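Atoms within a ligand are numbered from 1 in the order they appear, just like the ligands themselves. Keep in mind that this is a model prediction, so the values were computed, not measured.
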Amino acid sequence: MSEQENNGIYKEFRKSPVLIAGPCAVESEEQIKRMARIVSGMGIKFLRAGAFKPRTSPRSFQGLGLPGLKFLRNAADEYGLKVVSEIMNSSLLPECYDLIDIIQVGSRNMDSYGLLKAIGKATARDKKPVLIKRGFNATLKEFLMASEYITAEGNPNVILCLRGIRTFEQIDSAMRFTPDLGAIPELKDMTSLPVIFDPSHSTGNAAYVESISAAALLLGADGLLIEVHDDPLNALSDGTQSILPQQLENIIRLPDKKRS
Ligand code: PEP
Ligand code: MN
């Protein structure tokens, strides 16, 4: 992808809110093709899925790795979609670089400064957009400083993604994290970088994904990153928070502040 094309992708986040949707993980070639068809059929342009999964337990599904990323790339190309996917360590960069259109840095890696530097250096040439998720125990200033590791290397195309934080609510809440909705307007006052919201990981519960999406858009989010699965009960990861395609249709129809 040329610098011009990458700048074009990034500019999408300056217009109306961008939807990034897809399953938590690439589970098989067939599954990601099905999801690509569903997502593109809704007019969504960005397909997300992890091939390298940062799982809490080493015994949980870790993702399909490079073959999974290739399935994702092929599925996205078949349906004219852009790929958003996570890189967990810098050694993966060379072989994965051309397979991803927006490189995701996960919440657990927000303060992996070696990884951030390596991604900053690698993307400085062609300005490939980088999506950084807020560490779930990072302050907003720490989050912004992490983004500066990319911009300082010469790539200004950074997208910030809020994805919920750890609070005492997790003692008895049905949500996995506390949606950091208030950070949307505050972060937008602190930076000119696009700020998107992830209602899936922030709630960890499909029942709340639609209402939190609506709130995020009203608060001025520049986009949403949403996990969707056509068989959430049998998903290999994050099924509890994955919404069905029909529920995603409702979110697409939500009003947004940018449009009004
Ligand atoms: C993801 O988006 O696939 C993910 C693992 O999210 P987070 O890093 O926010 O937990
Ligand atoms: Mn997930």
> With distance as the sole criterion, is a donor-acceptor pair present between the side chains of His201 and Asp238 under 3.5 Å?
Replying inline: yes
> Which residue holds the protein heavy atom closest to atom 8 (O) of ligand 1, what is that atom called, and what is the gap in Å?
Replying inline: Ser107 N, 2.8 Å
>> Tell me whether Glu227 is salt-bridged to Arg48, with the criterion being a basic N under 4.0 Å from an acidic carboxylate O.
In response: yes
> Is the NZ or CZ atom of Lys127 both under 6.0 Å from the centre of the six-membered ring of Tyr10 and within 45° of that ring's axis?
Replying inline: no
> Which atoms of ligand 1 sit under 4.0 Å from any heavy atom of Gly106?
Replying inline: 8 (O)
> What protein heavy atom is closest to atom 9 (O) of ligand 1, reported as residue, atom name and distance in Å?
Replying inline: Arg163 NE, 2.6 Å
> Do Asp98 and Arg73 meet the salt-bridge criterion of a basic N to acidic O distance under 4.0 Å?
Replying inline: no
>> Heavy atom to atom 3 (O) of ligand 1, shortest distance: which of Arg48, Glu86, Arg134, Lys133 holds it?
In response: Arg48
> Going by atom types only, do Ser28 and Gln31 share a side-chain donor-acceptor pair under 3.5 Å?
Replying inline: no
> Can you tell me which residue and heavy atom of the protein come closest to atom 4 (C) of ligand 1, and the distance to 0.1 Å?
Replying inline: His201 NE2, 3.4 Å
> Would you say the side chains of Asn89 and Ser91 form a donor-acceptor pair under 3.5 Å?
Replying inline: yes
> Which class fits the ring pair Tyr113 and Tyr149: parallel under 30°, tilted 30 to 60°, perpendicular over 60°?
Replying inline: parallel
>> Does the Lys NZ or Arg CZ of Arg134 fall within the cation-pi geometry relative to Phe177 - under 6.0 Å from the ring centre and within 45° of the axis?
In response: no
>> At a cut-off of 2.8 Å, what protein N/O/S atoms sit near the Mn ion (ligand 2)?
In response: Cys24 SG, His201 NE2, Glu227 OE2, Asp238 OD2
> Under a 4.5 Å cut-off applied to non-hydrogen side-chain atoms, are Cys24 and Lys53 in contact?
Replying inline: yes
> Heavy-atom contact under 4.0 Å between Gln104 and ligand 1?
Replying inline: yes
